[in-house]
**Student:** 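Next up is a structure, given as structure tokens.
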Amino acid sequence: MKRIAIIIAAAALLSAPAYAQSSQFTLGKWVEVHNAILKELNRSYVDSLEVGRIERAAVDAMLDALDPYTVYVPEEEQENFQMMLTSAYGGIGAIIYKPDINGNVIINEPYEGSPAARAGLRCGDEIELIDGVTTHGLESGECTEKMRGKPGTDVVFHVKKVNGEMVDVTVRRERIVLPSIEYVGMLNEADGYVMMSKFTEGVGQGIRDAVLKLKKQGMKRLVLDLRGNGGGMLSEAVNIVSLFVPKGSVVVTAKGRTGGETSYKTSTEPLDTKLPIVVLVDSGSASASEIVSGALQDYDRATIIGTRTYGKGLVQSIRPLPYDGQLKVTTSKYYTPSGRCVQAIDYSHRNEDGSVGHIPDSLTHEFKTVGGRTVRDGGGITPDFEVKPHKYSRLTYSLVLGGIVDQYTMKYVREHQAIPAVDDFHFTDYEDFVAFARDKEFDYRSSARAMFDEMKKTLEEDGLAATMAPQLDALQKSLEMDKDTFLRLKKDEIIPFIEEEIVVRYFFQEAGIKVRLRYDTQLHQALLKPSI
């Protein structure tokens, strides 16, 4: 027995190094292997080696194996990265449209109060030259880069105005800050409404100002719309929650790999701890949006309405790298006050939009709010009341995403010098739109017809289509619908998009949001739900 024990002990000693290699040894090993491979490729590979290209691909592939939020940002991409963080850039403040690479750049929408708007550029104006360089042959992105630049510098456009006049327009670039709070207003006599699109620096103070403004207008309940809000700065999420819960309350706790944790607490006196709050969320509400909705839910301070949120419970930090690069790296997971982790349990299984997929209750854990209500982890914030948004037809998506509505809007603007005020404007010339769309190329098949086409293709690949020809022909005939008929069938669904795009061109983005709210069935249903 003693001999057997010695043999077992010896075997354990011999095998231990294979399992006890330190992370530093593994790191050093792979750095050495990587460098050796690169040197050998540089010396021996049959073609010239594009080191920069293959190294960037290698870095991106390495980081892709971790999570979608850990990314390398080289020096040349810093401006776009900063714009993503701050929603600010140097430019003229306008959305452009370039339907044809060999055609002009068209001003689609100048921002309210922007240098472009003050210089008199309006929807439908066509830019032929930018600083003397023709826009013909340039991609839309190339034109955008020529328009952007250091604030305080000038850019000169040769413009064909909507009325056909040819003029030179000089625009002085400024620091353009895209608003994080897109709309503040009263929905009715009691409900104040705030739409937030992102969490950038200062947005917490902006929400405070908005609440004070709405209370002066008689607000008795606040509706905070975080639908589609992908998040941003954690500190601003804390600042927003601070407005509605007692000072010293934990908003979120971040836990890293080493076991350490940091709790972020409210540090200021609240603005109002009694005001009823509704928070609207959907599958596009992520990160900081989930921190706010999760904290307010855990403290029973808000009624969360909509659909389950995205499920991003990861915190990123920015680390400097050589040659002025940066690494945005995931450093911790965050937890709501009740202890829930918003991050999806099964990170690999997500819906088409990237949001967390179905998680069975058996794989989740129960937590309790301050008032004793049960909430669960497992991915995202589950609303107190599920209210699904209107589901649009395939035709409507095709018209909007395919640019048909945008193109018609430009036609409309050229033909109408002015329109009534937003609250009084209703688009009534739908047959004109039908005639316009009739001659445009877009996929107008119904969802059923698209599925049929896929099924028929599969049957043909399997060699079964010929034997089922009579049935397939009959089904195809029943599903066929000409373009005009389908457009008229979906009239009530398409008109709101046309109205929104038209009013934006005359009265800017806030007007478009007013029209959107007019038709927002999810919002209207949410207002009927009781408070928790």
Side-chain angles (χ1 to χ4, degrees), residues 76-77 79-80 83-84 87-179 399-417 419 433 436-437 439-442 497-498 500-509 511-512:
E76 60 270 20
E77 296 177 14
E79 183 177 350
N80 289 336
M83 179 183 172
M84 181 183 70
S87 292
Y89 66 96
I92 68 169
I95 297 174
I96 64 171
Y97 176 66
K98 202 168 191 297
D100 182 1
I101 191 171
N102 294 315
N104 297 329
V105 170
I106 301 174
I107 297 292
N108 194 3
E109 177 197 336
Y111 300 136
E112 185 174 10
S114 67
R118 295 199 306 271
L121 294 176
R122 59 169 294 195
C123 175
D125 288 346
E126 298 184 31
I127 298 175
E128 295 188 349
L129 303 174
I130 305 176
D131 284 334
V133 178
T134 180
T135 58
H136 294 194
L138 297 180
E139 297 283 356
S140 179
E142 294 174 297
C143 296
T144 297
E145 288 304 311
K146 289 184 177 296
M147 293 179 179
R148 289 183 181 176
K150 186 177 180 180
T153 60
D154 290 340
V155 58
V156 180
F157 301 119
H158 188 61
V159 182
K160 180 182 179 182
K161 300 290 290 180
V162 173
N163 61 10
E165 181 185 4
M166 304 298 299
V167 297
D168 286 332
V169 178
T170 300
V171 183
R172 177 151 294 183
R173 299 180 179 96
E174 295 179 6
R175 185 173 184 266
I176 307 298
V177 181
L178 303 179
L399 289 169
V400 174
L401 299 179
I404 307 301
V405 172
D406 263 348
Q407 293 171 36
Y408 178 78
T409 300
M410 291 183 199
K411 170 184 176 294
Y412 188 93
V413 169
R414 291 189 177 103
E415 296 173 353
H416 297 78
Q417 185 64 29
I419 62 172
F433 174 74
F436 177 85
D439 298 327
K440 301 299 178 182
E441 290 293 330
F442 63 94
F497 288 94
I498 299 174
E500 180 180 343
E501 292 304 319
I502 288 175
V503 300
V504 162
R505 301 322 191 277
Y506 292 92
F507 304 115
F508 303 105
Q509 276 293 329

**Student:** Is the shortest side-chain heavy-atom distance between H136 and D100 below 4.5 Å?
**Tutor:** no
**Student:** Give the minimum heavy-atom separation between I502 and I419, together with the two atoms involved.
**Tutor:** CG2-CD1, 4.1 Å
**Student:** Return the OG1 to CD1 distance between T135 and I101, rounded to the nearest 0.5 Å.
**Tutor:** 10.5 Å
**Student:** Quick check for you: to the nearest 0.5 Å, what is the distance between F157 atom CZ and E126 atom CD?
**Tutor:** 14.0 Å
**Student:** List the atom of V504, the atom of G512, and the distance in Å for their closest heavy-atom pair.
**Tutor:** CG2-CA, 3.5 Å
**Student:** In Å and rounded to the nearest 0.5 Å, what is the CG to CD1 distance from D125 to I96?
**Tutor:** 13.0 Å
**Student:** If you compare all heavy atoms of I127 against all heavy atoms of N104, which two are closest, and at what distance to 0.1 Å?
**Tutor:** O-CB, 3.5 Å
**Student:** OH/Y506 to OG1/T409 distance, rounded to the nearest 0.5 angstrom?
**Tutor:** 9.5 Å
**Student:** Take atom NZ of K160 as the centre, draw a 6.0 Å sphere, and report whether it contains more than 12 heavy atoms from other residues, nucleotides or ligands.
**Tutor:** no
**Student:** How long is the gap from CG on L129 to CG on D168, to the nearest 0.5 Å?
**Tutor:** 8.0 Å
**Student:** Which pair of non-hydrogen atoms, one from A511 and one from F507, has the smallest distance, and what is that distance?
**Tutor:** CB-CB, 3.4 Å
**Student:** Can I get a per-line list of side-chain donor-acceptor pairs under 3.5 Å for residues 137-149, giving both atom names and the distance, sequence neighbours left out?
**Tutor:**
| from | atom 1 | to | atom 2 | distance (Å) |
| --- | --- | --- | --- | --- |
| E142 | OE1 | E139 | N | 2.6 |
| T144 | OG1 | S140 | O | 3.1 |

**Student:** Please give me the minimum heavy-atom distance between T153 and K150, naming the atom from each residue.
**Tutor:** OG1-O, 2.6 Å
**Student:** What are the two closest heavy atoms between V171 and A116, and how far apart are they?
**Tutor:** CG1-N, 4.1 Å
**Student:** I'd like to know whether CD of E76 has more than 12 heavy-atom contacts from other residues, nucleotides or ligands below 6.0 angstrom.
**Tutor:** yes
**Student:** Any side-chain to backbone donor/acceptor pair from K411 onto R414? Under 3.5 Å, distance only.
**Tutor:** no
**Student:** Measuring only between side-chain heavy atoms, which start at C-beta, is Y412 closer than 4.5 Å to I498?
**Tutor:** no
**Student:** Is any side-chain heavy atom of L399 closer than 4.5 Å to a side-chain heavy atom of F497?
**Tutor:** no
**Student:** For I107 and R505: C-alpha separation, side-chain torsions, deciding distance, then whether side chain to side chain contact (heavy atoms under 4.5 Å, CB included) applies.
**Tutor:** CA-CA 10 Å; I107 297 292; R505 301 322 191 277; over 6 Å; no
**Student:** If we only count heavy atoms from C-beta on, is the N108 to I106 side-chain gap below 4.5 Å?
**Tutor:** no
**Student:** Any chance you could measure I92, atom CD1, to E174, atom CD, to the nearest 0.5 Å?
**Tutor:** 11.0 Å
**Student:** Taking side chain as C-beta onward, heavy atoms only, is I176 less than 4.5 Å from P115?
**Tutor:** yes
**Student:** Got a donor-acceptor contact below 3.5 angstrom from the K440 side chain to the Q407 backbone?
**Tutor:** no
**Student:** Examine the side chains of E501 and Y408 and answer whether a donor and an acceptor come within less than 3.5 Å of each other.
**Tutor:** no
**Student:** With the side chain counted from C-beta on, respond yes when Y111 and I95 share a heavy-atom pair under 4.5 Å apart, and no when they do not.
**Tutor:** yes
**Student:** Is any side-chain heavy atom of E109 less than 4.5 Å from a side-chain heavy atom of F508?
**Tutor:** no
**Student:** Can you check whether M166 reaches H158 side chain to side chain, under 4.5 Å on heavy atoms?
**Tutor:** yes
